[in-house]
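Working notes for the structure below.
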Amino acid sequence: MTSDTVDATAPGGGGPAAGRRAGRALPLSGLEAYRDELTRVAGHDERVVCLEAGPGGPDGHPFEAARPDRFFRLGTVEVAMVGMAAGLAVAGFRPFVSTFAPHRATENVELTTGYLSAGATVIAPYEGAPLNFAALRRIPGLVLASPYGEAETRAVVRVAAQLGRPHYIRVGRGTRYSSLSWDGPRLPVVNWESEGTPGTPCLVSAGETGTTLALAARRAAPALAHAHLVYLSGAALAAAAERIAARHRRLVVVGGYAPDGGLAQELAALLPGCDVVGVPLGRGGRAGAVAQVRAVLGAAGLAGPRG
């Protein structure tokens with residue numbers, strides 16, 4: 001991962017059209033896209049293994065069907081699963097672990113991916129669930145990602161498998177979105193849905209809920225800028241902050257590991273000369289979040305989204 005782009009290429013292609021398959025309509029949900037893409041990647045990379053804590057779905061898991069010797073279903077034992085992933089990573093594998101309750105294993109994730117530098121990837125399939133962003137940010141070397149839609153999810157999974165670095169990827173479970181488009185085979189650190197006029201307020205979105213609300217705000221107030229982020233840590237976030245601040249000084253952050261406002265706090269620390277306001281999506285549900293986006297935009301003299 002560089003300061004400018006994140007490599008999204010892999011066997012099978014990259015870019016927004018990478019998820020397109022003959023005979024089915026787009027898009028898949030984030031969790032479905034993760035499972036399908038990881039199965040494809042495992043066909044080219046024998047180091048990739050898949051671990052799941054929690055019940056299986058009615059249709060099974062495509063990875064289990066394709067690579068049963070590299071698939072492990074472990075029940076509700078999140079802490080033990082992370083430890084198992086650490087051992088596999090030390091042995092040279094590229095483990096991906098998915099759990100419905102990742103918060104139960106936060107300390108083990110910190111020890112395994114941070115201090116042991118084990119290249120395990122954690123998939124959290126409840127995009128809107130509460131999460132301690134500050135606890136994740138303090139883990140050394142951990143890459144935080146919150147993709148929006150099928151194509152972004154596939155690209156992030158490919159990058160994690162290629163790099164073999166510890167990742168924490170938050171995806172949606174049941175909702176289905178088409179990702180914003182981008183040029184070239186690499187995910188940009190900032191995907192400008194609208195660059196806007198320099199000096200105008202800029203929406204900064206991450207994840208499914210935040211990006212959905214930001215897009216609604218843009219429909220209601222076309223003059224707004226909208227910078228969409230996928231990677232929320234390290235050099236990628238620092239580079240994104242610098243690029244956004246070069247055009248805009250007032251940022252309204254929607255999404256990014258709600259409800260604690262972690263992304264807004266991080267951007268405020270990176271950009272002390274900017275006015276950064278976070279919308280806490282975890283309070284009052286979608287209606288409450290929409291109301292807060294409208295209130296922030298109203299203070300800037302612009303109409304917000306209705307819904």
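The figures that follow rest on heavy atoms only: side chains count, while hydrogens, waters and symmetry mates do not.
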So, taking the atom named [atom1] in [X] and the one named [atom2] in [Y], what distance separates them when rounded to the nearest 0.5 Å?
{"X": "Leu28", "Y": "Tyr177", "atom1": "CG", "atom2": "OH", "answer": "14.5 Å"}
{"X": "Leu74", "Y": "Met84", "atom1": "CG", "atom2": "CE", "answer": "5.5 Å"}
{"X": "Leu142", "Y": "Leu144", "atom1": "CG", "atom2": "CG", "answer": "5.0 Å"}
{"X": "Leu229", "Y": "Leu263", "atom1": "CG", "atom2": "CG", "answer": "6.5 Å"}
{"X": "Arg173", "Y": "Glu208", "atom1": "CZ", "atom2": "CD", "answer": "12.5 Å"}
{"X": "Ser98", "Y": "Leu31", "atom1": "OG", "atom2": "CG", "answer": "5.5 Å"}

When you compare the side chain of [Y] with that of [X], does any pair of heavy atoms fall below 4.5 Å?
{"X": "Leu251", "Y": "Val277", "value": "no"}
{"X": "Leu224", "Y": "Cys202", "value": "no"}
{"X": "Pro166", "Y": "Val143", "value": "no"}
{"X": "Glu193", "Y": "Leu215", "value": "yes"}
{"X": "Thr121", "Y": "Arg94", "value": "no"}
{"X": "Phe96", "Y": "Val122", "value": "no"}

For a quick test of reading the model, state the closest non-hydrogen atom pair linking [X] to [Y] and the distance between them.
{"X": "Tyr148", "Y": "Leu180", "answer": "CD2-N, 4.2 Å"}
{"X": "Leu51", "Y": "Ala85", "answer": "CD2-N, 4.4 Å"}
{"X": "Leu232", "Y": "Leu237", "answer": "O-CD2, 3.4 Å"}
{"X": "Leu203", "Y": "Arg218", "answer": "CD1-CG, 4.2 Å"}
{"X": "Val48", "Y": "Arg70", "answer": "O-NH1, 2.9 Å"}
{"X": "Leu271", "Y": "Ala245", "answer": "CD2-CB, 3.6 Å"}

- Message: Could you walk me through whether Phe71 and His61 satisfy the side chain to side chain contact (heavy atoms under 4.5 Å, CB included) test, starting with their C-alpha distance in whole Å, then the side-chain angles of each, then the deciding distance to 0.1 Å, before giving a yes or no?
- Response: CA-CA 9 Å; Phe71 180 85; His61 197 301; 3.6 Å; yes
- Query: Under the side-chain contact (heavy atoms from CB on, under 4.5 Å) test, which residues partner Thr39, sequence neighbours left out?
  - Reply: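 Checked Thr39 against side-chain contact (heavy atoms from CB on, under 4.5 Å); matches are Pro62, Phe63, Ala66.
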Between the main-chain N or O of [Y] and the side-chain N or O of [X], is there a donor-acceptor pair closer than 3.5 Å?
{"X": "Thr200", "Y": "Thr197", "value": "yes"}
{"X": "Ser179", "Y": "Glu152", "value": "yes"}
{"X": "Asn191", "Y": "Ala227", "value": "no"}

- Taking it one step at a time, do Val190 and Ile244 satisfy side chain to side chain contact (heavy atoms under 4.5 Å, CB included)? CA-CA 8 Å; Val190 179; Ile244 294 169; 4.2 Å; yes
- Task: With sequence neighbours left out, write down each residue that passes salt bridge (charged side-chain N to carboxylate O under 4.0 Å, His left out) with Arg249, or none if nothing qualifies.
- Result: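 Partners of Arg249 under the salt bridge (charged side-chain N to carboxylate O under 4.0 Å, His left out) test: none.
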- Relative to the ring of His248, is the ring of Trp192 parallel (under 30°), tilted (30 to 60°) or perpendicular (over 60°)?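 The rings of Trp192 and His248 sit tilted, inter-plane angle from 30° to 60°.
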- Task: Decide side chain to side chain contact (heavy atoms under 4.5 Å, CB included) for Val41 and Arg158; before the verdict, give the C-alpha distance in whole Å, the side-chain angles of both, and the deciding distance to 0.1 Å.
- Result: CA-CA 7 Å; Val41 171; Arg158 292 195 297 271; 4.1 Å; yes
- Donor-acceptor pair between His228 and Ser205 side chains, under 3.5 angstrom: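 On atom types as modelled, these side chains qualify, holding a pair under 3.5 Å.
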- Message: I'd like to know if the side chain of Ser29 pairs up with that of Glu32 as donor and acceptor (distance under 3.5 Å, no hydrogens or angles considered).
- Response: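 Yes, side-chain donor-acceptor contact under 3.5 Å.
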- Should Glu46 and Arg67 count as an ion pair when the cut-off is N to O under 4.0 Å?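 Here Glu46 does not pair with Arg67 in a salt bridge, since their nearest N and O are not under 4.0 Å apart.
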- Query: Of Ile123, Val156, Ile169, which is the lone residue that meets side-chain contact (heavy atoms from CB on, under 4.5 Å) with Tyr34?
  - Reply: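 Considering Ile123, Val156, Ile169, a side-chain contact (heavy atoms from CB on, under 4.5 Å) with Tyr34 is found only for Ile123.
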- Message: Test side chain to side chain contact (heavy atoms under 4.5 Å, CB included) on Val253 and Gln265; report intermediate values, then the result.
- Response: CA-CA 9 Å; Val253 181; Gln265 294 171 5; over 6 Å; no
